[in-house]
There are 2 protein chains.
Amino acid sequence: MDLTERKLKILQAIVGDFIHSAEPVGSRTLSKHHDIGASAATIRNEMSDLEEMGYLTHPHTSAGRVPSDKAYRLYVNSLMDKYVIPEQEKKAISEQLVSKVTELDKTLSHASELLAQLTKLTSFAVTPAQDENALKYINILPVDENTAVLMIVAENDRVMNTAIRMRSSYDAKSLELLSKVLTKNYKGRAINSMLAVDIISDIHREAAPLSQLAKEIEPSFRNTIENMLDVDLYINGLENIFSIPEYTDLNRAKNFMDMVGHKQALTKLIMDRDSGVIVTIGGENGPESLKESSLITATYTVNGKMVGKLGVIGPTRMRYSEITSVIEYLTENLDRAFRLPEGDEDDEGRDE
Amino acid sequence: MDLTERKLKILQAIVGDFIHSAEPVGSRTLSKHHDIGASAATIRNEMSDLEEMGYLTHPHTSAGRVPSDKAYRLYVNSLMDKYVIPEQEKKAISEQLVSKVTELDKTLSHASELLAQLTKLTSFAVTPAQDENALKYINILPVDENTAVLMIVAENDRVMNTAIRMRSSYDAKSLELLSKVLTKNYKGRAINSMLAVDIISDIHREAAPLSQLAKEIEPSFRNTIENMLDVDLYINGLENIFSIPEYTDLNRAKNFMDMVGHKQALTKLIMDRDSGVIVTIGGENGPESLKESSLITATYTVNGKMVGKLGVIGPTRMRYSEITSVIEYLTENLDRAFRLPEGDEDDEGRDE
DNA sequence: TGTTAGCACTCATATTCATCGAGTGCTAAC
DNA sequence: GTTAGCACTCGATGAATATGAGTGCTAACA
């Protein structure tokens with residue numbers, strides 16, 4: 001069976017109506033409210049065909065039709081109109097996101113809030129993954145008699161540090177030397193590759209007198225690397241799901257919260273997605289807990305290098321057109337906010 | 001009217017029953033299940049008195065009695081039995097909380113998770129406020145030609161830093177000098193008092209040649225101080241409220257999520273509470289959004305100095321005895337986990 | 001051959017009504 | 001002061017019924 005022009009028109013009308021009403025769509029309503037150019041009876045026949053083809057389902061015999069994941073997919077790919085964001089909303093978004101690059105975390109958390117507010121869904125944002133980032137600088141600084149601070153700077157100037165309580169007394173010169181050796185050794189290496197490094201033997205081989213110190217530093221070093229690799233996940237707008245008919249069923253609401261509560265799993269899921277604005281619908285998401293939800297994510301970049309994600313999660317019946325547009329516009333603004341003001345550097349990722 | 005022995009007994013029975021059943025308690029049920037030593041009719045009379053005194057209410061004429069906030073308060077203060085935590089649960093808690101002081105954030109977030117799981121309520125934890133903490137060390141390190149890192153260490157060895165993109169070229173000597181002057185000037189000052197400091201004029205007065213540099217550093221300095229003063233709020237167990245009868249009403253659930261979603265307000269509310277295990281019931285909480293909830297918070301200390309809070313939030317009908325015990329035990333363990341292993345320092349706060 | 005009107009049938013939802021029972025408050029007797 | 005007895009209240013439960021949007025099928029039509 002073919003997807004004729006008319007079938008597409010009907011499908012589009014059904015998806016569009018259902019997205020706004022959350023009510024199964026019947027043939028008569030459709031013929032009245034849309035200019036299909038066919039009677040209710042004809043539409044009924046077409047609907048029956050569409051159901052056979054897997055685009056529609058039937059909650060029960062005497063109810064109207066409801067789009068399947070497959071229908072939403074078709075809708076998103078080719079049926080939906082492009083949503084045009086009103087100028088005043090654009091302006092509001094832009095104004096909210098003016099920021100300094102040093103406050104990445106706050107800006108991001110703010111962007112997530114904004115997204116929840118704009119879409120009236122649950123939104124999230126993850127800080128950029130540092131995995132592939134290169135180490136740039138390692139320094140261990142004496143602070144007082146028994147404290148030093150280990151500081152690791154990545155190529156993108158993200159800094160992470162840990163205070164170290166020194167067991168034995170130490171001398172500043174050794175620390176300085178150790179810092180130099182460490183920087184020399186590991187500068188340029190990807191941060192995630194550092195977990196596999198055995199700094200104790202490396203130092204032992206190269207600068208045996210520093211061995212003891214290296215041993216003492218090692219756990220903190222490892223720790224700091226791990227912390228650098230961690231990303232944060234911000235979630236906002238959980239309360240919004242209560243205004244969505246799909247979640248008036250307590251069980252559904254609970255499942256939703258349960259799923260969102262598993263931050264680790266959610267973070268991984270989000271990070272593993274492709275770049276750009278990506279829509280996944282119901283079953284396409286994989287995990288059982290997301291069978292009735294859709295995810296829309298987008299990628300933002302910091303200074304053209306670090307890459308993070310943000311997006312929304314909601315029922316499969318979602319205002320796809322509007323939301324993809326908003327997310328896209330939001331990330332464009334984030335990219336701009338996260339671009340270095342001037343003093344660029346020896347890298348790609350400059351396009352304006 | 002007096003709270004006779006019998007009235008107290010009845011009140012205790014009602015609160016105890018209601019906490020577990022969530023159903024209004026009637027006189028007959030009470031006389032059957034508890035050894036009050038009076039008939040249902042007598043109990044009825046007493047209940048009527050208790051209602052008049054404000055300890056009980058009536059959802060409707062023909063329903064049993066429900067405790068008021070005032071009753072819960074009396075119950076918490078003097079009626080409830082002390083809950084004894086089973087040894088095996090104690091062991092489980094202790095094992096979960098072994099930690100290193102360097103990973104305060106992770107341990108805390110973990111403690112919050114654990115608390116949600118143990119209480120089957122919504123839990124939260126805030127990182128310690130740094131307001132009163134003293135500055136110990138300021139350093140601005142050259143990283144490469146156009147980047148430096150500003151690092152501020154507090155007396156308790158919490159470190160915060162920001163990468164600074166230098167506008168003009170700078171020389172390492174000046175940075176070092178500036179660091180020294182800054183440290184000398186501000187060492188020992190409370191972090192929150194630093195927001196009022198005008199480092200530009202201070203430097204101008206003391207070391208005029210560094211003025212230009214100070215100007216360049218200033219925004220980052222301010223920023224870093226602000227970041228140090230920020231606390232994080234972890235929330236867990238949001239999904240738990242769906243198993244609580246009080247929140248099967250969608251509206252209540254939404255209000256709850258709304259309230260928890262206002263993280264700033266919630267953080268402030270938590271931080272402003274007194275030390276120790278504190279219970280506030282319904283209207284005692286202040287804000288309208290918490291009129292039907294109770295909060296239990298406790299204080300943990302890091303190395304006897306920094307002080308943070310954690311706790312749970314749930315319906316006023318809460319297992320107060322069990323939960324206060326669990327929170328108390330948990331914070332004791334946290335205190336232990338956050339105590340420095342050895343090499344103590346020149347300070348108070350050592351008690352074991 | 002595709003389209004349409006007509007009609008019987010389905011089934012979730014809303015409404016009404018009676019019943020049930022836990023609980024109260026009051027009275028009168030102990 | 002305590003208790004038994006009793007009328008009364010009122011939410012909850014459940015059966016019976018009506019409603020109506022919607023379907024699928026058939027037969028007529030262009």
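Each chain gets a letter, A, B and so on, in the order the sequences are listed, and its residues count up from 1.
A:E5 has its CD atom 18 Å from the P atom of C:dG2, to the nearest Å. For the pair B:L30 CG and C:dG23 P, the computed distance is 10 Å after rounding to whole Å. For the pair B:I36 CD1 and D:dG1 C1', the computed distance is 17 Å after rounding to whole Å.
Side-chain contact of A:S109 with A:S112: a donor-acceptor pair under 3.5 Å is absent, judged by distance alone. Inspection of the B:S68 and B:T57 side chains reveals no N or O donor paired with an N or O acceptor under 3.5 Å. Side chain to side chain, A:S294 and A:Y320 meet the donor-acceptor criterion of an N or O pair below 3.5 Å.
Remark: the backbone N or O of A:T119 is paired with a side-chain donor or acceptor of A:R319 at under 3.5 angstrom. Checked by atom type and distance alone, the side chain of B:S321 never pairs as donor or acceptor with a backbone atom of B:M80 at under 3.5 Å. Looking only at distances, a side-chain donor or acceptor of A:T267 sits under 3.5 Å from a matching main-chain atom of A:K263.
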Under 3.5 Å, which protein N or O atoms sit close to an N or O of nucleotides 12-16 of chain D? Give each pair with its distance.
none

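Summarising the local packing, NZ of A:K120 is surrounded by 12 or fewer heavy atoms from other residues, nucleotides or ligands at distances under 6.0 Å. Annotation: A:N77, atom CG; neighbour count of heavy atoms from other residues, nucleotides and ligands within 6.0 Å is above 12. Counted within 6.0 Å of CZ on B:R273, heavy atoms from surrounding residues, nucleotides or ligands total more than 12; the atom is thus considered enclosed.
Distance check, rounded to the nearest 0.5 Å: NE2 of A:H20 to CZ of A:R317 gives 9.0 Å.
For D:dG11, the paired nucleotide is C:dC20, the pair qualifying as Watson-Crick or G-U wobble because both relevant distances are below 3.5 Å. D:dA21 is paired with C:dT10 under the Watson-Crick or G-U wobble criterion, all donor-acceptor distances under 3.5 Å. The partner of C:dA29 is D:dT2, judged by Watson-Crick or G-U wobble contacts that both fall below 3.5 Å.
For the side-chain contact (heavy atoms from CB on, under 4.5 Å) criterion with B:I14, the lone passing option out of B:V66, B:V25, B:I19 is B:V25.
Phosphate proximity of D:dT2 to B:T42: absent, as no side-chain N or O sits under 4.0 Å from OP1 or OP2.
Looking at residues 7-19 of chain A, you'll see that no heavy atom sits under 4.0 Å from any atom of DNA chain C.
Among the atoms of the strands shown, none is found under 4.0 Å from any heavy atom of B:A40.
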Its contact letters, B for base, S for sugar-phosphate only and - for none at protein heavy atoms under 4.0 Å, make nucleotides 22-30 of chain D read SBB------
